[in-house]
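Notes follow once the structure below has been shown.
Below, chains carry the letters A, B, ... as their sequence lines are ordered, and counting in each starts from 1.
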2 protein chains.
Amino acid sequence: MAIKTSLRPGGRSARVQDSVHQATRALLAELGRDAISLPLIASRAGVTPSTLYRRWGDLSSLLADVSLARMHPDADPVDTGSLRGDLLTWSEQYFDEINSVPGRAMLRDAVASDCTNRCLTILLGQLQTILERAASRGEATPSAEHLVDRVIAPGVFRILFGEGAPGEHEVNAWMDQALG
Amino acid sequence: MAIKTSLRPGGRSARVQDSVHQATRALLAELGRDAISLPLIASRAGVTPSTLYRRWGDLSSLLADVSLARMHPDADPVDTGSLRGDLLTWSEQYFDEINSVPGRAMLRDAVASDCTNRCLTILLGQLQTILERAASRGEATPSAEHLVDRVIAPGVFRILFGEGAPGEHEVNAWMDQALG
């Protein structure tokens with residue numbers, strides 16, 4: 001189920017989304033994810049269940065949307081003065097975040113709901129910011145997709161299927177190869 | 001929820017598992033995954049619901065177990081005469097399989113149930129077979145983990161979060177880098 005993201009800020013649609021997100025976060029905290037349902041969230045948010053079915057399709061998609069909103073970075077990546085430094089600082093924080101309990105829940109919801117393009121869009125946007133800054137310093141830059149293949153994908157794979165976040169030594173080696 | 005895998009073939013435990021897997025596959029085909037539940041599966045399999053809760057913990061874990069059993073390779077990787085050939089043939093088939101509808105369902109169930117170590121064990125076992133064959137031919141071999149980081153992880157990441165299975169050209173380039 002694709003999630004519609006183009007909301008006019010402050011419009012009716014954005015107000016419904018705020019109210020539904022808030023109700024979902026409150027019910028998750030009070031009852032846990034196994035006990036909540038779309039009708040329960042609708043009732044808490046003061047909207048009809050059909051509003052939720054129309055907009056989010058199913059519970060997984062709504063949960064993924066709420067998790068993604070929570071994980072959405074609220075600042076530009078830190079500027080350390082070099083591409084390598086920016087990428088290492090940013091990726092360490094990224095792996096930490098998605099290896100956390102809410103981060104893993106976000107990945108699980110994203111995979112379950114097939115709304116995974118939005119994750120990738122946020123990720124590529126962050127990398128693009130770092131790459132444009134490096135280009136403006138005159139540094140040579142790989143593509144964001146290359147960084148995803150060489151650094152982000154192996155880290156996320158370990159978090160999903162292996163022993164958790166990759167160590168600093170490994171991320172350094174992956175980065176050297178990606179930038180070399 | 002960890003899934004217990006050490007079953008004595010033909011024992012009581014293995015017979016319960018066969019019956020439960022068969023009931024789950026039949027109900028998935030008849031009703032679809034949104035309409036099935038542990039009590040329904042228990043009733044079809046002729047066991048008590050508490051047997052299922054005790055052994056699998058929840059529906060996601062049981063579905064992941066059934067998907068994994070279906071995806072379990074029933075033959076050794078093809079022997080093409082060289083490490084590079086074996087890996088390319090095997091990885092093409094692997095990406096095809098997990099990019100299919102049942103393959104994606106398996107990934108989704110595996111991520112949802114946290115029973116992800118079993119996926120990785122099957123995967124590493126297949127790679128190990130290929131690597132041991134190459135070593136016996138006298139070829140230099142990387143570790144299975146290195147192949148996961150450099151080739152498998154970026155492919156699975158694309159299938160989960162991007163535009164589907166990677167193209168032949170990309171897999172070739174990843175393989176060159178992993179073996180180079």
Taking side chain as C-beta onward, heavy atoms only, is A:Leu160 less than 4.5 Å from B:Leu160? yes
Side chains of B:Val111 and A:Phe161: closer than 4.5 Å at any heavy-atom pair? yes
Which atoms of A:Arg158 approach chain B - backbone, side chain, both or neither, heavy atom under 4.5 Å: side chain
Over 12 non-hydrogen atoms of neighbours within 6.0 angstrom of [atom1] in [X]:
X        : atom1 : value
B:Gln177 : CD    : yes
B:Glu139 : CD    : yes
A:Glu170 : CD    : yes

CH2 (A:Trp174) and CG (B:Asp149) are apart, to the nearest 0.5 Å, by 4.5 Å
Can B:Val78 be reached from B:Trp90 by stepping across I, L, V, M, F, W or Y side chains whose heavy atoms are under 4.5 Å apart? no
Check the pair B:Arg150 / A:Arg150 against side-chain contact (heavy atoms from CB on, under 4.5 Å), numbers first and verdict last. CA-CA 7 Å; B:Arg150 301 289 85 192; A:Arg150 303 288 85 191; 3.6 Å; yes
Between B:Ala153 and A:Pro154, the two heavy atoms sitting closest are CB-CA, 3.6 Å
